[in-house]
Every structure is written in C-alpha cells, then in structure tokens.
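Structure, as structure tokens:
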Protein chains: 2
Amino acid sequence: MIENDIFKALADPTRCAIFEKLATGSMNASALRDGMKISQPAMSQHLSVLRSARLVREERQGRFVNYEVDPEGLALIAGWLAKYRAYWPARIDALKALLKDMDQ
Amino acid sequence: MIENDIFKALADPTRCAIFEKLATGSMNASALRDGMKISQPAMSQHLSVLRSARLVREERQGRFVNYEVDPEGLALIAGWLAKYRAYWPARIDALKALLKDMDQ
DNA sequence: GAATCACATAAGTATGTGCTTATGTGTTGG
DNA sequence: CCAACACATAAGCACATACTTATGTGATTC
C-alpha cells in the first residue's frame, strides 16, 4: 500500500508545507529551509519521508542536493482518487476545472 | 488546513480499508465490522475520524447509524491535487481515464 | 590535505495515535 | 418499563512519530 505512505507523508502539516514550497520550483534543502522555522536534521528527515512516498525526488549537484516534485506520487493519488469517481458530484468545480486544463 | 485532516485520516491502513469498503455501498457500523478484525469501539473511533475529515457522513436510522462516502472529502483531495497539475506527466493513465469518464 | 560546507544519520525524548476494557446513550421490542 | 441492541465515549496503555542535540559523510575551497 504505497498510497498509505503518501497519505502518511502528507498528514504532517510541516511536510505538506515543504511539498507546497517545492512545487513552486525545485531547490536544495537549505533553500527549502529559508523562512521555515525548522532545524536542518528535521528538514532532512521530512525530505526522506517525502522521498520514500515518491512525492519528491533528489538529484546530487556537487555538495548540494536538489529536490523536486516527483510526479509519480501525484499520479498515485490521482489513481486512488479515480477509484471513487462514482462518488464525485457534478458540482465539484475543482475537478471540472482540472479536466478542462487536461483537455487543452 | 482541512486537507491535513483528510490525509491524516487516510494515513491509517485500517481507516483506508473502512473507507474503501464503504465505497462499495453505504452500510451501518456493524456491517462494516463484518469480516474485519476490529473491535466495536475501534470502528466507532475510526468512523469518527473519517467523519471529521469529511470523507464519510452518517445518517441515523432507528438504532442503526448508516454511513456513506461523503463526496466533499474527495472533492477536497481533488482540489488539492489540482494545485499541482503543472507536475502531472502526460503518461498518467489513471487521470486520463478519469477525464474521459467525466466528459461522458 | 585541512577546514568548511551541505546534508544525512544516530540516539534520546516528548507528544500523538490506535488499541483495549469499561461504561454511557439512545432506540427498539417484548 | 426493562432488557437487549447499536453505537458512542472515557480512560489507560503500547507504540509510532516528530523533534532535539550530537556526530558522520561526501564534496568543495583555500
């Protein structure tokens, strides 16, 4: 159940914020830490969890490690969500907008 | 951050299984418990968490309480997911299938 | 090659979470 | 009414998790 790891990873608000920040553009761990009240080890641990959940992937660049959003995690969530499409009401505007975007 | 409650609710495998079972059709707490190795209080607590996360909603029917999937929780996940559509690769088959379904 | 930097890992601790048993609440049927 | 039922809540406990400080690892710079 990889989805469980994904949900578990996103269950923590700090980790959710890290992911959200990373979604604005790939950056290294130090850059991610800027403006966030979080220690270096804590950030490293959070990134490790996000990476295990396939929400984030890393790429060594010299002594920096560049992190970026891993689409695979998002795809897995989308897959999970798709299983329950029978329950999506017509009024889900977010989804409708989403669909339009994909059609283009 | 209501999404955090949703992710936290789905982070537990037991709760995930309960939701999945409920997605096959609405039923009461006792029926949900059938075949699952889980005590009555544990089930009640899990349902309470799922309800707080808007993943499930209840309806009293005599001395039974009927539970069903609450589309609002799914919509919130879809909304969260939509924020990161920039990262969806074209190869996400699940999403593509999902889109086709919605178009019909 | 030694110091420094960017990051990872180890170990300990405080808090959170999911379970248990016990009990409470509301409903139904005899 | 009262016994049985369906479910909720309370309290306590075992374990998980998110943090801390301390230290390790690999790369760069002087």
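Order of the sequence lines sets the chain letters (A, B, ...), proteins ahead of strands, with each chain counted from 1. For the numbers below, each heavy atom of this structure counts, side chains included, while hydrogens, waters and symmetry mates do not. Everything numeric here is computed off the predicted structure, so don't read it as measured data.
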What's the spacing between [X] [atom1] and [Y] [atom2] if we round to 0.5 Å?
X	Y	atom1	atom2	result
A:Asn4	B:Asp12	CG	CG	7.5 Å
B:Glu59	B:Asn28	CD	CG	12.0 Å
A:Ile6	A:Ile2	CD1	CD1	5.5 Å
B:Lys8	B:Ser52	NZ	OG	11.0 Å
B:Tyr67	B:Leu47	OH	CG	4.5 Å
A:Glu58	A:Leu50	CD	CG	11.5 Å

hydrophobic_cluster_shared for [Y] and [X], side chain cutoff 4.5 Å:
X	Y	result
B:Val65	B:Leu55	yes
B:Leu10	B:Tyr84	yes
B:Met27	B:Ile38	yes

What is the separation between atom [atom1] on [X] and atom [atom2] on [N], rounded to the nearest whole Å?
X	N	atom1	atom2	value
A:Arg63	D:dG26	CZ	C1'	11 Å
A:His46	D:dA18	NE2	P	7 Å
B:Tyr67	D:dC7	OH	C1'	8 Å
A:Gln61	D:dT28	CD	C1'	15 Å
B:Leu32	D:dC7	CG	C1'	12 Å
B:Glu59	D:dA6	CD	P	18 Å
A:Met36	D:dA18	CE	P	15 Å
B:Gln45	D:dA10	CD	P	11 Å

Residue met sooner reading DNA chain D from 5', once B:Val65 and A:Gln40 are mapped to nucleotides | B:Val65
For B:Ser26, the option from B:Leu32, B:Val56, B:Asn66 that meets side chain to side chain contact (heavy atoms under 4.5 Å, CB included) = B:Asn66
Would one find a side-chain N or O of B:Asn28 under 4.0 angstrom from OP1 or OP2 of D:dC7?
-> yes
Distance check: side-chain N/O of B:Ser30 vs OP1/OP2 of D:dA6, anything under 4.0 Å?
->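 It does not, given that no N or O in the side chain of B:Ser30 lies less than 4.0 Å from OP1 or OP2 of D:dA6.
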Taking five pairs at each terminus, the helix from C:dG1-D:dC30 to C:dG30-D:dC1 shows an axis bend, to 10°, of 20°
Could you label the plane-to-plane angle of the A:Phe19 and B:Trp80 rings as parallel, tilted or perpendicular, counting under 30° as parallel and over 60° as perpendicular?
->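 Taking B:Trp80 first and then A:Phe19, their aromatic rings lie parallel (interplane angle under 30°).
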Want to settle it: does A:Ser48 or A:Phe64 sit nearer the 5' end of DNA chain C, counting the closest nucleotide to each?
->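 This one resolves to A:Phe64.
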5'-most to 3'-most nt of DNA chain C touching chain B (<4.0 Å, heavy-atom partner on protein side) reads C:dT17 to C:dT28
Got a sec: does the CZ of B:Arg54 have more than 12 other heavy atoms crowding it under 6.0 Å?
->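 No.
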Can you sort out which residues in residues 8-23 of chain A have a heavy atom within less than 4.0 Å of DNA chain C? Ascending by number, please.
-> none
